[in-house]
Amino acid sequence: MSSTSSLIVRASASVLAAGLAMCAVTPADATPAHDTIQATGSSWAANAVNQWVADVKSAGLRVSFTSTGSAQGRKDFAASINDFAISDIGYQGSDPKTGEADSSGRPYAYLPIVGGGTSFPYKILRGGKPITNLRLSGLTLAKIFTGAITNWNDPAITRDNNGSKIPSKPIIPVVHSEGAGSTAQFTRYLATMFPDLWTAFNNNPKFTEYYPRKGSMIAQSGSDGVMNYINSASGDGTIGYDEYSYPLGLGFPVAKIENAAGYYVLPDQFNDAVALTQAKINMDKSSPDYLLQDLDKVYTYNDPRAYPLSSYSYAVIPTSASDPRMTTPKRQTMADFLFYSVCGGQAEMGPIGYSSLPLNLVTASFDQVKKLKAADAGVDLSTQNPSNCNNPTFDKANPSRNRLAEIAKMPPSCDKDGQGPCGVGVPIASGGGTNGSGAAGGGTGSTGKGTSTGGAGTGGGTAAGGTGRSNGAGPAGAGASNGVAARTKIDPQTGQTISANGDAGLGADAVASPTDLAAFSRSGNNAPFAVLAVALLLLALVSPPLLARALARRNGTR
């Protein structure tokens, strides 16, 4: 090391030491340490969870999440295989159809983490180009997924599209092979709204997480597996179901679904927020199902903007003081991660295909997080305040209002039943951008970076979805989503996808700000970072004279 370099290093060390002394803080003074926590569960919510996992790394939190499906996540939790689970439904005692055991002797609490819509991505080629403005009524959708409609030229589909005929080709429904919360949400809708069709098909009137496979149905594992198959070379004629984040991230079309007001709508953050104002939440704190959702009124809400298959997803957290997997550092990490997820992290949900929690559920989730401290007095929750969250549903002037639902635009007249359909259907742009080429389809996507749309994936047949947020790293995505996918362009009049290119990254509005990330960090944990900032500032002031003197000595001028 040169004399100049060693002098600067010594000066840096001196300044850092001085900074620590001035703040009277040492690393040992920090409040409880963090430890890595592990979660498994919902693929429906996986893109949201992976976004938050990536965000909090910069604050020193380490969270490992594996998308295994809601049913497996709950099983893992019950068996103490994970630290917490992500699930789109609660424990059922047993699956309503299969009778498979579904309960937990491990004490737990549910807390809502995100809203969204179960969408219906499809691939129908006409003249080699994809149709992108398909509309389906609830009844037609039910008939497709129960085998009563088997060809895209069926008169019911033509009627839904106001006389616009789809080419004659077999319909290939793509369903989840795992125990999936998305299956539970979809089949609950079918069982509630079309009980005769569903009961005859399912041989059971109840919903299930395990979709019955009959006829031409194809089963794939996980949300990425469903999207991979639909987007594969053999995917022409397919339609599946997945949380909207997955097709949105790929710039892939989804069917507009007719709501009770007679409008065909997309599952964007606004339409989901409108619909979820009608979700009936169990507010009985003594109930084992506290905070779980009843969606019956969501299905039938007659607001023209409402997306009828909107729902919430949940974290399942351990609450026992003697939980075999829990330590104070793990509970602290879980509390801080969940605080960020339901607070600052909600601002990122809309652009990636979800819908942010309203204030009442954010507050309720915070109350559930307090059970971690009730189990362990060493957990610090002193800075957790829902009023500080950067959440698009919040109206600070009137906290009782849901701003996201209020600003949702009315659908255009061409989306009304008997009119339209809107748009003419445009080809989906493929990937091929730089600084973010897609990962191989079918596998687990790596962390995405850069600002352009990912290229075509290899293997599995799907184009890998997108790239990281602009000027920032996206989270690890499963299969089709390589990091956080680029935001697609949507025609403001028709709501249809224009291109998966041209608007790469999620933009600054979706990047967690330092304030958001700092919000869940306790003052004790922030101290070392504050000291470092002071040290660097002092170094900037002190180093130039020191450097000048060192150079002068070297040149023999002093």
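If you're wondering where the values come from, they're calculated on a predicted model, not measured in any experiment. The analysis underlying the following values was restricted to heavy atoms, covering all of them including side chains, and did not include hydrogens, waters or symmetry mates.
- Under 4.0 Å is where a charged nitrogen must lie from a carboxylate oxygen, and between D417 and R159 at least one such pair does.
- The backbone N or O of L266 lies less than 3.5 Å from a partner atom in the side chain of N271, making a donor-acceptor pair.
- Distance OH/Y263 to NZ/K416: 4.5 Å, rounded to 0.5 Å.
- In this structure a side-chain-to-backbone donor-acceptor pair under 3.5 Å is missing from N282 to L291.
- Screening T40, N82, T66 for a side chain to side chain donor-acceptor pair (under 3.5 Å) involving D76 leaves a single residue, T40.
- Salt bridge annotation for K75-E100: present, with a cationic side-chain nitrogen under 4.0 angstrom from a carboxylate oxygen.
- Between the OH atom of Y210 and the NE2 atom of H176 there is a distance of 13.5 Å, given to the nearest 0.5 Å.
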| Passes side-chain contact (heavy atoms from CB on, under 4.5 Å), L361 versus L111? Steps please. | CA-CA 8 Å; L361 292 187; L111 61 152; over 6 Å; no

| message | Y290 vs I281, test: side-chain contact (heavy atoms from CB on, under 4.5 Å). Steps then yes/no. | response | CA-CA 8 Å; Y290 174 56; I281 305 299; over 6 Å; no

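- The side-chain heavy atoms of P308 and I257, taken from C-beta on, include a pair separated by under 4.5 Å.
- Considering all non-hydrogen atoms of both residues, P411 and P304 come closest at CG-O, 3.4 Å.
- Looking at F394 and L404, their side chains never come closer than 4.5 Å, going by heavy atoms from C-beta outward.
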| message | Between N47 and Q51, does the side-chain hydrogen bond (donor to acceptor under 3.5 Å, both in side chains) criterion hold? Intermediate values first, please. | response | CA-CA 6 Å; N47 283 346; Q51 174 75 67; over 6 Å; no

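- Tested against E209, the residues Q72, R74, Q92 include a single side chain to side chain donor-acceptor pair (under 3.5 Å) partner, R74.
- Ring centers of F186 and F120: under 6.0 Å apart, within the cut-off.
- Taking CG of L292 as the start and CE of M283 as the end, the distance is 11.5 Å to the nearest 0.5 Å.
- Each of D88, T118, D242 was checked for a side chain to side chain donor-acceptor pair (under 3.5 Å) with W44, and the lone residue meeting it is T118.
- When all heavy atoms of Q220 and Y229 are compared, the pair lying nearest together is CG-CB, 3.8 Å.
- Although no hydrogens or angles enter the test, the distance criterion places a donor-acceptor pair under 3.5 Å between the side chain of K123 and the main chain of S232.
- Around the NZ atom of K297, the shell of radius 6.0 Å holds no more than 12 heavy atoms that belong to other residues, nucleotides or ligands.
- Between the side chain of T277 and the backbone N or O of V274 there is at least one donor-acceptor pair closer than 3.5 Å.
- When every heavy atom of Q346 is checked against every heavy atom of S341, the shortest pair comes out as NE2-O, 2.8 Å.
- Looking at heavy atoms from C-beta onward, L125 lies in side-chain contact with D236 at the 4.5 angstrom threshold.
- Here the side chains of S313 and S87 are not in contact, with every heavy-atom distance at 4.5 Å or above.
- In this structure, CD1 on I317 lies 9.5 Å from CZ on F84, to the nearest 0.5 angstrom.
- Looking only at distances, no side-chain donor or acceptor of N161 sits under 3.5 Å from a matching main-chain atom of S164.
- Outside the 6.0 Å centre-distance limit, the rings of Y307 and F270 are not counted as a close aromatic pair.
- Looking at S43, its side chain never comes within 3.5 Å of a backbone N or O of A46 through a donor-acceptor pair.
- Counting heavy atoms from C-beta on, the side chains of S182 and E243 never come closer than 4.5 Å.
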| task | Please step through side-chain contact (heavy atoms from CB on, under 4.5 Å) for the pair T183 and Y211, ending with a clear verdict. | result | CA-CA 6 Å; T183 298; Y211 206 96; 3.8 Å; yes

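- Residues I131 and I124 have side chains in contact (heavy-atom distance under 4.5 Å, counting atoms from C-beta outward).
- Annotation: side chain to side chain donor-acceptor pair (under 3.5 Å) contacts of S365 (sequence neighbours excluded): none.
- Using a 30° and 60° split on the angle between ring planes, Y91 and Y110 fall in the tilted class, from 30° to 60°.
- For the pair N259 (side chain) and G262 (backbone), a donor-acceptor distance under 3.5 Å is present.
- D102 and S94 share no donor-acceptor pair across their side chains, judged by distance under 3.5 Å alone.
- The CG atom of L197 lies 6.5 Å from the CG atom of L139; values are rounded to the nearest 0.5 Å.
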| said: Between T98 and D95, is the side-chain hydrogen bond (donor to acceptor under 3.5 Å, both in side chains) condition met? List the steps. | reply: CA-CA 5 Å; T98 67; D95 180 83; 3.3 Å; yes

| message | Set out, in order, the CA-CA distance, both residues' side-chain angles and the distance that settles side-chain contact (heavy atoms from CB on, under 4.5 Å) for Y354 and Q269, then state yes or no. | response | CA-CA 6 Å; Y354 294 91; Q269 60 176 324; over 6 Å; no

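- Under the 4.5 Å side-chain criterion, counting only non-hydrogen atoms from C-beta, T238 is not in contact with I218.
- Side chain of S216 to backbone of I171: a donor-acceptor contact under 3.5 angstrom is found.
- E258 and R135 are not joined by a salt bridge, as no carboxylate oxygen comes within less than 4.0 angstrom of a charged side-chain nitrogen.
- Between the side chains of Y246 and D224, no donor N or O sits under 3.5 Å from an acceptor N or O.
- Of the residues S311, S310, S355, the one that meets the side chain to side chain donor-acceptor pair (under 3.5 Å) test with D272 is S310.
- Ion pair R305/D303 flagged as a salt bridge, since at least one NZ, NE, NH1 or NH2 atom sits closer than 4.0 Å to an Asp/Glu carboxylate oxygen.
- Cation-pi geometry between K97 and F207 is not met at under 6.0 angstrom from the ring centre and within 45 degrees of the axis.
- Closest of all the heavy-atom pairs between T393 and P358 is OG1-CA, 3.5 Å.
- For T187, there are no side chain to side chain donor-acceptor pair (under 3.5 Å) partners, not counting sequence neighbours.
- Without hydrogens or angle criteria, N151 side chain to D154 main chain gives no donor-acceptor distance under 3.5 Å.
- Sparse packing is recorded around NZ of K280, with 12 or fewer heavy atoms of other residues, nucleotides or ligands lying under 6.0 Å away.
- Here the closest non-hydrogen pair linking I113 and W52 is O-CH2, 3.4 Å.
- For the atom pair CD1 (I144) and OH (Y122), the distance works out to 11.5 Å, reported to the nearest 0.5 Å.
- The 12-atom threshold is not exceeded at NZ of K206, counting heavy atoms of other residues, nucleotides or ligands nearer than 6.0 Å.
- Nearest heavy-atom pair, L136 versus I239, reported as atom, atom and distance to 0.1 Å: CD1-CD1, 3.8 Å.
- Applying the side chain to side chain donor-acceptor pair (under 3.5 Å) rule to R188 yields the partners D294, D296, Y299; only residues at least two apart in sequence or on another chain are considered.
- For the pair Y314/I86, no side-chain contact is recorded, criterion being any heavy-atom separation below 4.5 Å from C-beta on.
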